[in-house]
Protein chains: 2
Amino acid sequence: MRDTDLPTRRLRTWLRLLRLTRGTENRLREYLRVNHDTTLPRFDVMAALHRAHGPVKMSDVSRQLLVSNGNATAVVERLEKEALAARVPGEGDRRVVLVALTEKGRAVFEAQAADHKAEVDRLFSMLGHEELNALRDILHRVEEAGDAPTG
Amino acid sequence: MRDTDLPTRRLRTWLRLLRLTRGTENRLREYLRVNHDTTLPRFDVMAALHRAHGPVKMSDVSRQLLVSNGNATAVVERLEKEALAARVPGEGDRRVVLVALTEKGRAVFEAQAADHKAEVDRLFSMLGHEELNALRDILHRVEEAGDAPTG
DNA sequence: CCCTAATACTTTAAGCTTGAAATAAAATCC
DNA sequence: GGATTTTATTTCAAGCTTAAAGTATTAGGG
């Protein structure tokens, strides 16, 4: 396959990338389910809230996670039902709704996050600094392209 | 961030990879919806059937796409309802169910696939042979690891 | 052979996700 | 400053997805 044209190579690479991502997500989902009785969407939203060190607009949650508005609403609703997150009305703009982790949510997330990081480390243990550098350069190149898929 | 430790770098790289994949999937979903009135799961299943050049076991579909058995059943059911795919009972083993594209399904898919490939080519147009080579090496390294997430 | 275990698939309940419509509030424009 | 448009969020219907339980069939071990 030495002379494969670029479009074909790009397609094949994308399919392999997608497969790697799906497989990794499956492992992490299983890990979070078995060890922390939670799901990836919940974990992702809590991670976004934790990262922010304070209340976050609903729209920022969905923008960051690249999911729809309705999705953010739904997941936050479930987190609220378990007292892991709480909604606060926006101060200046009354259309805005802010979300933040509760005390309980912060504690629960930090325990999950430590384990999650260790699991990711294990899943990608075959990649050292050199490979990570190469991957960093490629991701950077994709992200900086005007119509970058990551917005 | 020059001295970031490996576990942290692996986690950050994974998060960026996930973001790239989600963004790309969002674009392709939108593209298929607008231009071909179909969805990614349907497209993925049809691609697996098309690739096989003949009937495929249900279990092979789910294994290939890294989704659950029940999911494969559900998506195939919808494809069947639109006469794009058809189920055939397995010959030797009566537990087995085989699936294949119909004539219509094959024609429909081939049109979709050509456009899909062009769109992927566009989304990754910033990657040339050199970057694809680097990415190929990294993916290969991950895949060949014993506990590779891609199974 | 018959019993048990393993395999292939489907069904079900619950949760996830999207796109579009609905609601509400703020910004813009005569 | 009242009408229109834009922005922020929620609601809704439909489809996607999983994990677990259920059904049917085959394989293996006395």
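Here is how names work: the chains are called A, B, and so on, in the same order as the sequence lines, proteins then strands, and each is numbered from 1. Predicted model, so just to flag it, every value in this text is computed and none were measured.
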Whether over 12 other heavy atoms sit under 6.0 Å from B/Asp5 CG
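More than 12 within 6.0 Å, yes.
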Provide, to the nearest angstrom, the distance between the [atom1] atom belonging to [X] and the [atom2] atom belonging to [N].
| X | N | atom1 | atom2 | answer |
| --- | --- | --- | --- | --- |
| B/Asp44 | D/dT17 | CG | P | 8 Å |
| B/Leu66 | D/dA19 | CG | P | 12 Å |
| A/Met46 | C/dC16 | CE | P | 13 Å |
| B/Arg33 | C/dT17 | CZ | C1' | 13 Å |
| A/Asn69 | D/dT6 | CG | C1' | 14 Å |
| B/Arg42 | D/dT17 | CZ | P | 11 Å |
| B/Arg29 | D/dA14 | CZ | C1' | 14 Å |

Main-chain N/O of B/Leu84 paired with B/Thr102 side-chain donor or acceptor, under 3.5 Å:
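Such a contact is found between B/Thr102 side chain and B/Leu84 backbone.
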Would you say the side-chain atoms of B/Arg10 pair up with the backbone N or O of A/Phe124, donor to acceptor, closer than 3.5 Å?
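Side chain of B/Arg10 to backbone of A/Phe124: a pair is present.
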What pairs of residues pass the side chain to side chain donor-acceptor pair (under 3.5 Å) test when at least one of them lies in residues 84-94 of chain B, not counting sequence neighbours?
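Listed once each, the pairs are B/Glu80-B/Arg87, B/Asp93-B/Arg95.
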A/Leu65 side, atom CG; B/Arg19 side, atom CZ - distance, nearest 0.5 Å
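Here the interatomic distance stands at 8.0 Å.
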Quick check: on DNA chain D, is the nucleotide nearest B/Arg78 upstream (toward 5') of the one nearest A/Thr73, or the reverse? Name the residue that is more 5'.
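It is A/Thr73, whose closest nucleotide lies nearer the 5' terminus.
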At under 4.0 Å between heavy atoms, what does A/Ser59 touch on the DNA or RNA strands: base, sugar-phosphate, or nothing?
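If one applies the 4.0 Å heavy-atom cut-off, A/Ser59 turns out to touch the sugar-phosphate alone, with no base involved.
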So what does A/Arg63 touch, heavy atoms closer than 4.0 Å: a base, only the sugar-phosphate, or nothing?
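Contact class for A/Arg63: none.
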Heavy atoms only: give me the nearest [X]-[Y] pair and the separation to one decimal.
| X | Y | value |
| --- | --- | --- |
| A/Leu49 | A/Val99 | CD2-O, 3.8 Å |
| A/Val56 | A/Ala52 | CG2-CB, 3.3 Å |
| A/Leu98 | A/Pro89 | CD1-O, 4.5 Å |

Can you see if the side chain of B/Thr39 gets near the phosphate of D/dC16 - specifically, an N or O under 4.0 Å from OP1 or OP2?
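Yes, because at least one side-chain N or O of B/Thr39 sits under 4.0 Å from OP1 or OP2 of D/dC16.
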Mind listing the residues from residues 79-87 of chain B sitting with a heavy atom below 4.0 Å of DNA chain D? Number order is fine.
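Hits under 4.0 Å, by residue number: none.
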Under 4.5 Å between any side-chain heavy atoms of A/Arg136 and B/Arg16, yes or no?
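In contact.
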Salt bridge flag under 4.0 Å for residues B/Glu131 and A/Arg141:
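Salt bridge between B/Glu131 and A/Arg141, a charged N being under 4.0 Å from a carboxylate O: yes.
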What's the closest nucleotide to the [X] side chain, out of [options]?
| X | options | result |
| --- | --- | --- |
| B/Met58 | D/dA20, C/dC9, D/dT17 | C/dC9 |
| A/Val75 | C/dT17, D/dT9, D/dA19 | C/dT17 |
| A/Glu77 | D/dT11, D/dT9, D/dT18 | D/dT11 |

Pairwise N/O distances under 3.5 Å, protein to nucleotides 26-28 of chain D:
residue : atom : partner : partner atom : Å
D/dT26  : OP1  : B/Arg94 : N            : 3.1

Using heavy atoms to find the nearest nucleotide of DNA chain C for B/Lys57 and A/Asn71 separately, return the residue whose nucleotide is more 5′.
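Its nucleotide being nearer the 5' end, the pick is B/Lys57.
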